[in-house]
Enquirer: 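Got a structure here, written out as structure tokens. Questions coming.
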Amino acid sequence: MSGEEEENAAELKIGDEFLKAKCLMNCEVSLILDHKYEQLQQMSEDPMNQVSQVFEKSLQYVKRFSRYKNPDAVRQVREYPRSHLHQNLLCVLGNLCPETVEEAIAMVPSIKSRGRGHDDEAIEKMLNDMSLIKKFE
């Protein structure tokens with residue numbers, strides 16, 4: 001992104017370093033941190049070599065705010081709208097799970113304006129499908 005352009009998350013102008021990075025949903029971060037936590041516990045028999053408080057709080061946070069618990073459900077959410085939605089938008093919707101089109105647009109304004117802007121019916125179908133995945137996980 002050139003120095004002249006101002007970053008604006010609502011328009012997905014988030015900088016080159018973020019455009020190249022893979023965005024994760026809280027549930028995916030939870031799985032990664034859980035795995036790392038288990039590794040640290042196995043490697044460390046020394047009580048002085050404890051997991052940091054920041055790590056523990058981060059793990060607690062993502063577990064608390066994970067909308068999906070089952071890795072298969074996460075995979076379904078990621079795969080469903082792949083051709084329809086930018087991965088960063090998908091992660092925001094997957095983390096927040098808005099119930100209405102109005103909530104989704106308020107939380108993610110670029111869903112209506114970005115390139116292939118989605119109409120209200122497409123957004124509603126997407127939200128309903130994501131809700132069904134969550135319901136049956």
Side-chain angles (χ1 to χ4, degrees):
M1 183 164 286
S2 70
E4 297 172 15
E5 275 188 72
E6 192 172 316
E7 291 183 8
N8 182 341
E11 296 175 11
L12 279 184
K13 294 180 182 176
I14 54 178
D16 291 338
E17 63 275 3
F18 288 106
L19 289 174
K20 295 173 187 169
K22 182 176 179 181
C23 189
L24 299 173
M25 289 188 276
N26 288 338
C27 44
E28 294 170 304
V29 174
S30 176
L31 291 170
I32 292 167
L33 293 181
D34 264 337
H35 181 71
K36 183 66 176 174
Y37 183 79
E38 289 173 12
Q39 285 180 329
L40 292 171
Q41 293 299 337
Q42 289 174 358
M43 290 174 26
S44 174
E45 294 179 17
D46 180 9
M48 297 303 291
N49 193 5
Q50 297 290 322
V51 176
S52 76
Q53 187 176 8
V54 171
F55 184 95
E56 286 184 3
K57 292 210 180 265
S58 298
L59 180 57
Q60 289 171 5
Y61 175 89
V62 293
K63 281 184 174 187
R64 179 175 179 201
F65 292 106
S66 291
R67 302 294 187 201
Y68 300 91
K69 307 295 184 206
N70 182 329
D72 290 329
V74 173
R75 196 170 303 113
Q76 287 178 2
V77 169
R78 278 227 178 252
E79 291 173 357
Y80 165 73
R82 178 168 290 178
S83 62
H84 301 91
L85 198 61
H86 190 280
Q87 288 295 304
N88 293 351
L89 298 179
L90 175 64
C91 286
V92 172
L93 293 175
N95 282 335
L96 300 174
C97 291
E99 294 180 6
T100 66
V101 172
E102 293 78 20
E103 282 181 9
I105 294 169
M107 292 176 191
V108 188
S110 60
I111 200 170
K112 289 285 278 189
S113 62
R114 172 92 176 167
R116 297 176 289 184
H118 302 284
D119 62 15
D120 289 358
E121 287 179 21
I123 296 170
E124 186 170 14
K125 180 178 179 353
M126 200 179 318
L127 296 177
N128 288 339
D129 289 346
M130 290 174 78
S131 178
L132 281 174
I133 291 169
K134 184 178 181 313
K135 186 177 187 178
F136 291 109
E137 71 172 323

Enquirer: For Asn95, is there any backbone N or O sitting under 3.5 Å from a side-chain donor or acceptor partner on Arg67?
Expert: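 Checking the backbone N and O of Asn95 against the side chain of Arg67, a donor-acceptor pair under 3.5 Å is found.
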Enquirer: What is the minimum heavy-atom distance between Arg78 and Cys91, and which atoms define it?
Expert: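 Heavy atoms only, the tightest pair is NH2-SG, 3.2 Å.
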Enquirer: What distance do Leu59 atom CG and Arg64 atom CZ have between them, rounded to the nearest 0.5 Å?
Expert: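 Separation between the atoms: 14.0 Å.
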Enquirer: How long is the straight-line distance from CG of Leu127 back to OG1 of Thr100, given to the nearest 0.5 Å?
Expert: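 Rounded to the nearest 0.5 Å, the OG1-CG separation comes to 7.5 Å.
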Enquirer: Any heavy-atom pair between the side chains of Tyr68 and Arg75 that's under 4.5 Å?
Expert: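 No, every pair of side-chain atoms sits at 4.5 Å or beyond.
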Enquirer: Quick check: do Pro98 and Leu93 have side-chain heavy atoms less than 4.5 Å from each other?
Expert: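 Counting from C-beta outward, Pro98 and Leu93 do come under 4.5 Å.
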Enquirer: For a 4.5 angstrom cut-off between non-hydrogen side-chain atoms, does Ser110 reach Val108?
Expert: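 Heavy-atom side-chain distance check passes, below 4.5 Å.
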Enquirer: Just by distance, do the side chain of Ser30 and the backbone of Asn26 share a donor-acceptor pair under 3.5 Å?
Expert: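 Flag not set: sc Ser30 to bb Asn26 has no pair under 3.5 Å.
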Enquirer: Spell out, as yes or no, whether a donor-acceptor pair under 3.5 Å connects the side chain of Glu28 to the backbone of Met25.
Expert: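 Yes, Glu28 side chain to Met25 backbone: donor-acceptor pair under 3.5 Å.
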Enquirer: Might you confirm whether atom CD of Gln53 has over 12 heavy atoms from other residues, nucleotides or ligands at distances under 6.0 Å?
Expert: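 Not buried by this count: 12 neighbours or fewer within 6.0 Å.
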Enquirer: Quick one: are Leu24 and Lys22 in side-chain contact, heavy atoms under 4.5 Å?
Expert: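 With C-beta onward as the side chain, the pair touches.
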Enquirer: Are the side chain of Glu103 and the backbone of Glu99 linked by a donor-acceptor contact shorter than 3.5 Å?
Expert: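 Pair found, side chain donor or acceptor close to backbone of Glu99.
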Enquirer: Can a donor-acceptor pair be found, under 3.5 Å and without considering hydrogens, that links the side chain of Lys69 to the backbone of Lys63?
Expert: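 Yes: the side chain of Lys69 pairs with the backbone of Lys63.
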